[in-house]
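Structure record follows, encoded as C-alpha cells.
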Number of protein chains: 2
Amino acid sequence: MTTTRRRDAAATREAILRAGVEGFTRHGYDGVGVREIAQSAGVTAMLVNRYFGSKEGLFAEVVEASMADRTVLTDDPATLARDVAAALVRRTAPHADGLDPFLLMLRSAPNPRAAEILRAGIEKHVEAHLLDIAPELRGTDRAAMVLSLVAGFWLMRKMIGSTALNGADERTLARTLEQLFTLLMHPG
Amino acid sequence: MTTTRRRDAAATREAILRAGVEGFTRHGYDGVGVREIAQSAGVTAMLVNRYFGSKEGLFAEVVEASMADRTVLTDDPATLARDVAAALVRRTAPHADGLDPFLLMLRSAPNPRAAEILRAGIEKHVEAHLLDIAPELRGTDRAAMVLSLVAGFWLMRKMIGSTALNGADERTLARTLEQLFTLLMHPG
DNA sequence: GTCTATATAGCGATAGAC
DNA sequence: GTCTATCGCTATATAGAC
C-alpha cells in the first residue's frame, strides 16, 4: 500500500477544522495564525491551505460548523424567554469557558471579511432557527433585537469582563434578561 | 532659536492622538498599525512610541479621550429611554460613520490587553455617567444591561451588518429599543 | 524634535522533495 | 499525504544622525 501510515485525509481535515473552531473562537480571526491552528491539529501550516484553500476558507467552514449545531436555544416556545435567559447566564458565568458561536462572532467581527461570513452564517442558522421556534417574530425587528441583546451580554460579561455583571447575583441577572426577552417575544 | 519649524511637541502629540482615535475606532486595536496612525497624523511611526511609549500606551490615551466626552447620552432623566433609543438608531444608521466609543470598544475588545483598558474606561466614564443621570440604577445589574444592549445593537447593525436591522423602519426600531430601555430604567 | 535605517519577529501562502 | 524550506510582506520597537 502507498497510503499514509498515521492519518488519512478526512481525519486530518477534521482535526484542522476542530482546531480552527477552537482557535478562532478563543482568539478571533485576526488573533490566531494558521501556524497555531495547524499545531493544535498536529500538522503543519501548509495543510491548512491544502485542505481549505486559505485562512479565510477555513474560517468560513468553521463558522458553518459552529453555527449549525444548536446549543443555546431550546425548542419549547412556551418557556423560550426563561430558557434563553437561564442558558445565557449559565454559559457566560465567570468560570465557564465553552466555545460558543457568539464568542466566535464577537471576536472575529472586527475583520471586515470575517464579518460578512459571520453575517451570512448568523442569518442562515441562528436567526432562522430562532424564527422557527418563535414564528411570531417573523417580519419584525425583534428577532434581530434578541440576537443583539444576547451578543451584547456575551460581550460585556465575558470579553470586557464587566465588574457589575460578574459580581451580580445570577438569579437577578436571569430575571432581568427574562423580562427583556419576554418583552421582545411576547409584546402583547 | 533651536525650536522646530513646522510643529511643536504638543501639536504633534495631539495630532497623533486624534489619528489614534480615528484609526482604532475604524479598524480596532489589532486592525491598525502604528505606521498607519503615524501617517494619518503626518509624522513617522517613531514619534508614536516617542510620545506614548508604545501602541498600547497610545490606545490607553485614546480610550480615555474617546470615552471622556459624552455624545450619546443626554442629561434629562425623564426622557432618557426615548433619547437613548433615538440617538442609538440615528448613530447606527447605514450611512452614518461617526467615531463612536462603542465602535472603539467592539472592534478592540478581542485583544485581551485592549479589553482590560476598555473595561476600566467603560466603568470609569460611560457607566459612571449613566449612573449619574439615572441614580436609581445604582446597585442593580440594570446599568450594565443598558450598556450590553447598546453595544449589541451597535454590533449587529454596524459591524455584522444585519439585514433585518438595516432594512427595518427606523421608527419601529426606536420604539422597540425605547421599550427595552424603559423596562431597565423604570422597572416599576 | 524629527528623521532614516534597522533589528527582530511574525504573518499567509507556495515550491518542490519524498 | 505530508514534509522542509522559503518567498514576500508587515508588524512593533529602537539606534543613531542632524
Side-chain angles (χ1 to χ4, degrees), chain A residues 1-20 22-24 26-63 107-108 110-117, chain B residues 1-20 23-24 26-63 107-108 110-114 116-117:
Chain A
M1 312 265 211
T2 59
T3 55
T4 159
R5 284 177 289 263
R6 303 182 50 197
R7 284 208 183 88
D8 62 319
T12 297
R13 223 191 108 98
E14 188 63 24
I16 295 171
L17 186 62
R18 277 190 285 105
E22 170 138 358
F24 285 134
R26 286 205 200 288
H27 308 294
Y29 185 83
D30 286 331
V32 69
V34 295
R35 280 174 173 80
E36 188 178 338
I37 292 172
Q39 188 171 18
S40 294
V43 298
T44 63
M46 198 226 97
L47 290 188
V48 174
N49 288 322
R50 179 91 150 93
Y51 285 113
F52 297 92
S54 66
K55 183 185 186 180
E56 192 177 325
L58 172 61
F59 182 75
E61 290 215 29
V62 161
V63 168
R107 295 198 167 121
S108 300
N111 184 292
R113 306 173 89 155
E116 170 54 26
I117 294 168
Chain B
M1 313 263 214
T2 58
T3 55
T4 159
R5 285 175 290 263
R6 305 181 50 197
R7 284 208 183 88
D8 62 319
T12 298
R13 222 192 107 98
E14 187 63 25
I16 294 172
L17 187 62
R18 276 191 287 104
F24 285 133
R26 287 205 198 288
H27 309 293
Y29 186 83
D30 286 331
V32 68
V34 295
R35 278 177 175 78
E36 190 177 338
I37 292 171
Q39 189 171 19
S40 293
V43 298
T44 64
M46 199 226 95
L47 289 189
V48 175
N49 290 320
R50 179 90 151 89
Y51 285 113
F52 297 92
S54 65
K55 183 185 186 182
E56 191 177 325
L58 171 61
F59 182 75
E61 291 215 29
V62 162
V63 168
R107 294 196 167 122
S108 301
N111 184 291
R113 306 172 90 156
E116 169 54 27
I117 295 168

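Convention: sequence-line order gives letters A, B, ...; per-chain numbering from 1. Being a predicted model, the structure only gives us computed values, none of them experimental.
Taking atom CD1 of residue Ile37(B) and atom C1' of nucleotide dA11(D), one finds them 12 Å apart after rounding to whole Å. If you measure from atom CD of Glu36(A) to atom C1' of dG10(C), you get 12 Å, rounded to the nearest angstrom. Taking atom CZ of residue Phe52(A) and atom P of nucleotide dG12(C), one finds them 15 Å apart after rounding to whole Å. Atom CG of Asp30(A) and atom C1' of dG12(C) are 12 Å apart (whole Å). Between Leu47(A) atom CG and dT4(D) atom C1' there is a gap of 12 Å when expressed in whole angstrom units. Computed from coordinates, the Ile16(B) CD1 to dG1(C) C1' distance equals 11 Å when rounded to whole Å. For the pair Phe59(B) CZ and dA11(D) P, the interatomic distance rounds to 18 Å; values are reported in whole Å. For Arg113(A) and dG12(C), the CZ to C1' distance is 12 Å, given to the nearest whole Å.
The residue among Thr44(A) and Tyr29(B) whose nearest nucleotide of DNA chain D lies closer to the 5′ end is Thr44(A).
Judged as a salt bridge (charged side-chain N to carboxylate O under 4.0 Å, His left out), and not counting sequence neighbours, the contacts of Glu116(A) are Arg119(A). In this structure Arg113(A) satisfies the side chain to side chain donor-acceptor pair (under 3.5 Å) test together with Glu56(A), sequence neighbours excluded. Annotation: side-chain contact (heavy atoms from CB on, under 4.5 Å) contacts of Val63(B) (sequence neighbours excluded): Phe59(B), Met67(B), Leu104(B), Ile117(B), Leu118(B). Legend: residues meeting side-chain contact (heavy atoms from CB on, under 4.5 Å) with Ala19(A), ordered by chain and number and at least two apart, are Ile37(A), Ser40(A), Ala41(A).
Taking the centre and axis of the six-membered ring of Phe24(B), the NZ or CZ atom of Lys55(B) falls outside the cone set by 45° and 6.0 Å.
Within the 4.5 Å cutoff, the side chain of Glu14(B) has no heavy atoms near those of the Tyr51(B) side chain.
Here salt bridge (Lys or Arg N to Asp or Glu O under 4.0 Å) pairs that include residues 27-49 of chain A, with residues two or more places apart or in two chains, number zero.
At the heavy-atom level, Tyr51(B) lies under 4.0 Å from the strands shown only through sugar-phosphate atoms.
OP1 or OP2 of dG1(C) has not a single side-chain nitrogen or oxygen of Thr12(B) nearer than 4.0 Å.
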For nucleotides 13-18 of chain D, print each protein N/O atom paired with a nucleotide N/O atom at under 3.5 Å, atom names and distance only.
from, atom 1, to, atom 2, distance (Å)
dA13(D), OP2, Asn49(B), OD1, 3.2
dA13(D), OP2, Lys55(B), N, 2.9

